[in-house]
Amino acid sequence: MILSVRSVSRLPKFSLSRGWASAASTNYVNIMEVGPRDGLQNEKKAIPPATKIELINKLANAGLTRIEAGSFVSPKWIPQMAGTVEVITQVEHLPGVRYPVLVPNVKGLENLLSVLSEHSTSSSPPPTDEVAVFIAATDAFSKANTNCTIVESLERTNQVVRLALEKGLRVRGYLSVVIACPYSGPVDYRKVRDLTKELLDMGCYEVSLGDTTGVGNPHSISEMLNTVISTNSVGKLAGHFHDTYGMGVANVMTALAAGIRTIDSSVGGLGGCPYSPGATGNVATEDVLYALKGSPYTASGDLNKIANIGMWISNEVGRENSSRVGKALHARKLRQENLREKENQKAKL
Ligand SMILES: CC(C)(COP(=O)([O-])OP(=O)([O-])OC[C@H]1O[C@@H](n2cnc3c(N)ncnc32)[C@H](O)[C@@H]1OP(=O)([O-])[O-])[C@@H](O)C(=O)NCCC(=O)NCCSC(=O)C[C@@](C)(O)CC(=O)[O-]
């Protein structure tokens with residue numbers, strides 16, 4: 001079943017200068033699927049690149065058009081993201097689908113650029129045309145996640161953004177811990193507003209506001225967004241909500257009501273940040289799509305296919321599926337199969 005879903009040919013127009021058509025004036029919701037990166041980076045069990053490739057291909061074939069494929073971070077810091085080169089060079093690269101990767105520093109970007117240059121003579125599409133940089137709204141989280149203060153991370157990130165833009169890559173920005181920091185507590189939303197502006201001024205086409213710990217609720221998310229939107233264009237913002245307290249979908253709807261039209265989510269609710277103790281995965285893609293069903297909002301992605309992928313990848317990584325919708329659809333499918341089986345048995349008698 002495809003819910004309020006536009007076929008790929010009806011997706012918003014992409015232009016090199018402006019990126020995906022700003023959706024703030026429309027009801028089209030861009031889903032940024034972060035499961036293969038944010039989702040898998042925290043798993044204990046080693047996940048072979050072949051599984052990640054299969055996951056990304058399945059997600060693209062289920063109609064998702066922005067799929068974060070991996071990270072060029074230090075494998076000492078995030079061992080699960082080793083193998084990203086294999087992943088981005090071997091996925092199917094469907095037309096109209098973007099496969100961004102996370103890059104923390106110039107070293108990571110240079111590693112990516114050498115992969116891109118090796119591929120420049122190939123007739124196949126480039127492994128990626130987009131990177132994501134990331135900073136945090138508190139020094140404590142910045143130190144834990146990237147071993148530097150906010151000021152140092154701005155300098156580091158600025159270098160990455162400049163070089164990436166010079167090389168023709170699109171750059172997305174992440175700002176972590178926009179509501180609360182697991183190390184230093186509540187966050188001043190004016191800091192979130194100012195750091196968002198810094199990322200946009202550097203040249204990020206969009207800034208994803210991360211409730212990394214997942215403690216936000218519609219009230220705090222709304223307050224934070226009002227502050228951020230006071231000086232930043234809502235069309236350049238995305239919502240990235242971890243579902244630790246079960247507020248993910250409510251926070252998504254709050255962000256949409258505030259005018260945000262890009263939502264990060266992960267299939268099966270995979271994930272969590274290794275430097276955010278206790279935080280669970282992102283709001284599940286299935287849960288977001290289900291919440292939009294029958295609403296004025298549209299999004300691309302086949303709910304049933306994505307729910308099946310959520311069950312499959314949860315089994316692959318040996319964890320419980322965190323998507324309530326995914327589990328409900330799976331249970332319904334089992335009931336229907338059971339019923340059919342009984343009817344077949346009856347017919348044979
Ligand atoms: C930023 C660093 C590298 C600093 O880490 P550092 O230890 O300060 O780096 P360094 O420059 O001193 O280098 C140390 C070693 O790492 C190597 N190195 C250095 N850079 C790279 C690289 N790019 N790729 C591969 N190797 C690298 C470097 O070559 C050296 O190797 P050695 O000489 O010891 O053999 C490290 O802290 C790091 O990789 N952090 C990444 C942490 C991370 O990925 N966190 C998760 C993603 S963020 C997130 O999940 C939040 C988000 C985005 O989803 C939004 C939200 O929910 O809030």
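Counting convention: from 1, in listed order, for ligands and their atoms alike. Quick caveat: nothing in here was measured; it's all calculated off a predicted structure. Residue numbers run from 1 in the order of the sequence given.
When the shell of 6.0 Å around OH of Y245 is examined, it contains 12 or fewer heavy atoms from other residues, nucleotides or ligands.
Of the residues listed (D194, L195, D188, T196), the one engaging V192 in a side-chain contact (heavy atoms from CB on, under 4.5 Å) is T196, and it is the only one.
Partners of H330 by ring-ring contact (aromatic ring centres under 6.0 Å, His included), not counting sequence neighbours: none found. Under the ring-ring contact (aromatic ring centres under 6.0 Å, His included) criterion, Y99 pairs with H93, sequence neighbours left out.
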Identify every side-chain donor-acceptor pair in residues 335-342 under 3.5 Å, counting partners at least two apart or on other chains, and give the distances.
from: E341; atom 1: OE2; to: Q345; atom 2: NE2; distance (Å): 2.9

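Both V103 and M202 are assigned to one and the same hydrophobic cluster, defined by single-linkage of ILVMFWY side chains at heavy-atom distances under 4.5 Å.
The contact shell of ligand 1, taken as protein residues with any non-hydrogen atom closer than 4.0 angstrom, comprises R37, D38, Q41, F72, V73, S74, P75, K76, W77, I78, L102, P104, N105, K107, G108, N111, F134, N145, T146, N147, R156, Y174, S176, T212, H240, H242, C273.
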